[in-house]
*Asks:* 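Okay, here's the structure, questions in a sec.
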Amino acid sequence: MKVESVYVHAPFCARRCVYCDFAVHVSRDGDTDAWLAAIGGEWSALQAEGRALLADELKTLYVGGGTPSILDARAMRELVDLLGRDRLRAPGLEWTVEANPESFTSTLARAWTRAGVNRLSLGVQSFDVSVLRWMGRLHGADEASAAVRTAREAGLTNLSIDLIFGLPEHLGRSWSSDLERALQLQVPHVSLYGLTAESGTPLGRAVVSGREALADEERYREEYLEAAEVLTVAGYRHYEVSNFARGDLISEHNSVYWSGRPYLGLGNGAHSYLPPERRWNERDWSRYRDRAIAGESVVDDTETIDGDAARLERIWLALRRDTGVETEGLPGPALERIERWERDGLGARHGGRFRLEPRGWLVMDRLTIELEEALDSAGSLGPQEPSG
């Protein structure tokens with residue numbers, strides 16, 4: 001199977017944030033040599049197995065983490081050599097790298113642009129210093145703004161920032177102020193993340209013990225709807241449940257995930273989807289590194305997405321994007337559900353398609369199950385592929 005999109009995980013973080021459940025390895029400087037050796041070992045093993053073959057030209061490459069910006073400045077250049085320089089020469093390639101404001105320097109920005117990086121995702125999260133300290137972040141509000149300037153000076157104008165909403169009330173964070181500061185940066189892409197307390201994280205343990213409390217459902221809802229309104233009024237397209245873009249500068253790489261297309265994941269904890277199989281790698285960096293460098297398989301587990309599971313995923317992926325679901329050919333029970341959602345203000349039909357509105361996106365999981373049940377009652381297979 002020829003794969004046109006690749007995700008590469010860089011696990012190193014100078015500090016683990018209070019809410020973080022990602023496959024990270026705490027290291028102030030990272031280990032660029034070991035990272036390149038491990039990614040190279042995994043890629044060589046995959047080629048030998050013939051399990052995942054890259055297309056002659058990639059459409060998207062995404063280096064996430066962790067914090068890729070604490071790797072050496074040469075890391076992206078050497079990643080090009082590892083994956084194959086010719087694969088990364090397509091004029092339409094979108095190459096995104098994540099960075100944290102405190103570790104994104106002008107030297108790094110220039111090195112990345114020379115390597116071919118053309119999109120930057122900055123983990124801003126908030127502009128409130130006390131909130132950032134509570135989260136365990138190492139930057140302040142001014143560093144976030146400085147990182148945006150540094151990126152633009154190096155020619156990286158396709159910028160995205162992350163913001164987190166739904167924080168504990170006692171922090172006194174002004175979500176409205178954070179949205180205003182985000183708009184002042186004039187970046188073309190914004191991603192929102194609602195705070196969750198995952199088990200095993202410091203936040204998760206604090207919530208279970210009663211030492212911390214997340215925002216209640218109403219506050220979570222109000223902050224999400226406020227952001228949706230503020231950003232769309234400012235000219236952003238709300239093209240996916242958590243993502244907003246100006247013009248056509250959507251995240252092409254993440255759209256691969258949301259449209260059910262194949263992708264290859266390299267690195268500890270990385271996922272790959274080669275239909276109908278999804279697989280994921282060993283999460284622990286040290287174990288992954290040793291196995292990858294030794295040429296051993298780093299796959300932790302796999303699952304097959306077919307039948308009912310595939311249909312449920314197709315519905316969920318379609319509803320989460322602004323292209324929505326094509327209504328032509330849907331059976332009566334499914335259309336009745338959609339009509340009810342329209343009456344309830346959860347979504348609307350446009351040109352033969354139904355798409356959720358922000359109020360509907362807040363309850364998207366429930367609506368996905370409702371639509372699947374309606375299709376079940378009619379004996380329909382539902383959408384054969386995600387719309388859009």
Side-chain angles (χ1 to χ4, degrees), residues 1-13 16-17 19-27 30-55 58-71 75-76 78-84 87-88 95-98 121 123 198-201 251 253-254 256-258 260-306 309 313:
M1 179 176 291
K2 295 288 187 179
V3 177
E4 297 177 323
S5 294
V6 176
Y7 171 83
V8 186
H9 189 65
F12 310 109
C13 277
R16 183 183 285 272
C17 295
Y19 51 79
C20 178
D21 190 38
F22 297 148
V24 304
H25 178 78
V26 176
S27 171
D31 190 339
T32 301
D33 289 333
W35 180 70
L36 289 166
I39 297 298
E42 181 186 0
W43 172 228
S44 295
L46 287 171
Q47 289 178 297
E49 294 174 18
R51 295 189 67 189
L53 300 176
L54 296 188
L58 294 183
K59 290 185 177 179
T60 70
L61 173 61
Y62 195 109
V63 182
T67 312
S69 51
I70 65 173
L71 293 170
M76 296 306 117
E78 296 193 24
L79 182 63
V80 170
D81 294 332
L82 191 155
L83 294 176
R87 286 196 179 95
L88 301 177
W95 182 357
T96 306
V97 183
E98 294 180 350
S121 178
E198 303 295 337
S199 62
T201 65
S251 172
H253 182 84
N254 288 336
V256 170
Y257 303 151
W258 303 325
R261 286 174 280 165
Y263 54 87
L264 175 65
L266 301 172
N268 62 300
H271 285 57
S272 298
Y273 181 51
L274 307 170
E277 181 187 82
R278 181 174 289 119
R279 67 173 185 255
W280 51 95
N281 289 348
E282 163 67 53
R283 280 178 59 92
D284 181 79
W285 158 246
S286 297
R287 289 195 294 269
Y288 163 83
R289 175 199 61 207
D290 292 346
R291 288 162 60 179
I293 292 175
E296 301 172 2
S297 172
V298 296
V299 176
D300 182 49
D301 207 349
T302 65
E303 63 178 348
T304 300
I305 310 296
D306 58 11
E313 186 164 294

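Residue numbers run from 1 in the order of the sequence given. Just so you know, these numbers come straight off a predicted model, no measurement behind them.
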*Asks:* Determine, stepwise, if the pair Thr96 / Tyr62 fulfils side-chain contact (heavy atoms from CB on, under 4.5 Å).
*Replies:* CA-CA 5 Å; Thr96 306; Tyr62 195 109; 3.5 Å; yes
*Asks:* Would you sort out whether Leu274 and Arg279 count as a side-chain contact (heavy atoms from CB on, under 4.5 Å), showing the intermediate values?
*Replies:* CA-CA 8 Å; Leu274 307 170; Arg279 67 173 185 255; 3.3 Å; yes
*Asks:* Applying side chain to side chain donor-acceptor pair (under 3.5 Å), can you list everything that pairs with Asn254, at least two apart in sequence or on another chain?
*Replies:*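 Result, side chain to side chain donor-acceptor pair (under 3.5 Å) vs Asn254: Ser251.
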*Asks:* For Tyr263, enumerate each residue passing the ring-ring contact (aromatic ring centres under 6.0 Å, His included) test, keeping only those at least two apart in sequence or located in another chain.
*Replies:*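 ring-ring contact (aromatic ring centres under 6.0 Å, His included) check on Tyr263 returns Tyr257.
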*Asks:* I need the Asp284 CG to Asp290 CG distance, nearest 0.5 Å.
*Replies:*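 Taking CG in Asp284 and CG in Asp290, the distance rounds to 9.0 Å.
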*Asks:* If you take all heavy atoms of Leu71 and Met76, which pair is closest and at what distance?
*Replies:*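 Smallest heavy-atom distance, with atoms named: CD1-CE, 4.2 Å.
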*Asks:* Under 3.5 Å, is there a donor-acceptor pair between the side chain of Glu98 and the main chain of Pro68?
*Replies:*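 Absent.
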*Asks:* State which residues pass salt bridge (Lys or Arg N to Asp or Glu O under 4.0 Å) with Asp306; sequence neighbours excluded, sorted by chain then number.
*Replies:*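 Salt bridge (Lys or Arg N to Asp or Glu O under 4.0 Å) list for Asp306, sorted by chain: empty.
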*Asks:* Using the test ring-ring contact (aromatic ring centres under 6.0 Å, His included), find all partners of Tyr288 that sit at least two apart in sequence or belong to another chain.
*Replies:*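 With sequence neighbours excluded, Tyr288 shows a ring-ring contact (aromatic ring centres under 6.0 Å, His included) to no residue whatsoever.
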*Asks:* Minimum heavy-atom separation for Gly66 and Cys13, please, with both atom names.
*Replies:*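 Looking at all heavy atoms of both residues, the shortest contact is CA-SG, 3.5 Å.
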*Asks:* I need the minimum non-hydrogen distance between Ala23 and Pro11, along with the two atoms involved.
*Replies:*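 Minimum heavy-atom contact is O-CB, 3.5 Å.
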*Asks:* Evaluate the side-chain proximity of Val63 to Trp95: yes if any heavy-atom separation is below 4.5 Å, no if none is.
*Replies:*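 Contact flag for Trp95/Val63 side chains = yes.
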*Asks:* CG of Leu58 to OG of Ser5: how many Å apart, nearest 0.5 Å?
*Replies:*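 OG of Ser5 is found 7.5 Å from CG of Leu58.
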*Asks:* Over all heavy atoms of both residues, which pair between Leu36 and Leu82 is shortest? Give the atoms and the distance, please.
*Replies:*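 Here Leu36 and Leu82 meet closest at O-CD1, 3.5 Å.
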*Asks:* When rounded to the nearest 0.5 angstrom, what distance separates CG in Asp33 from CD in Glu78?
*Replies:*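 So the gap between those two atoms works out to 7.5 Å.
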*Asks:* Using side-chain contact (heavy atoms from CB on, under 4.5 Å) as the criterion, list what pairs up with Ile293, not counting sequence neighbours.
*Replies:*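 With sequence neighbours excluded, Ile293 shows a side-chain contact (heavy atoms from CB on, under 4.5 Å) to Ala37, Ala38, Arg289, given in chain and number order.
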*Asks:* To the nearest 0.5 Å, how far apart are CZ in Arg283 and CG in Asp21?
*Replies:*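 Reported to 0.5 Å precision, the distance equals 5.5 Å.
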*Asks:* Can you name the nearest heavy-atom pair linking Tyr7 to Ala270, along with the distance?
*Replies:*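 For Tyr7 versus Ala270, the nearest heavy atoms are CD2-CB, 4.2 Å.
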*Asks:* Could you state the interatomic distance from CD (Glu282) to CD (Glu42), rounded to the nearest 0.5 Å?
*Replies:*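 Answer rounded to 0.5 Å: 11.5 Å.
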*Asks:* Going by side-chain contact (heavy atoms from CB on, under 4.5 Å), name the residues that satisfy it together with Cys20, two or more places apart in sequence or in a different chain.
*Replies:*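 For Cys20 the side-chain contact (heavy atoms from CB on, under 4.5 Å) partners, ignoring immediate neighbours, are Arg16, Cys17, Phe22, Val24.
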*Asks:* Rounded to the nearest 0.5 Å, how far apart are CG of Leu54 and CH2 of Trp43?
*Replies:*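 One finds 3.5 Å between CG of Leu54 and CH2 of Trp43.
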*Asks:* Name the orientation class of the two ring planes belonging to His25 and Trp285 (parallel below 30°, tilted from 30 to 60°, perpendicular beyond 60°).
*Replies:*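 Tilted: the ring planes of His25 and Trp285 meet at 30° to 60°.
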*Asks:* What are the two closest non-hydrogen atoms of Gly265 and Asn281, and how far apart are they?
*Replies:*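 Where Gly265 meets Asn281 most closely, the heavy atoms are O-ND2, 4.0 Å.
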*Asks:* Does Trp280 offer a backbone N or O that forms a donor-acceptor pair with the side chain of Asp300 under 3.5 Å?
*Replies:*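 Absent.
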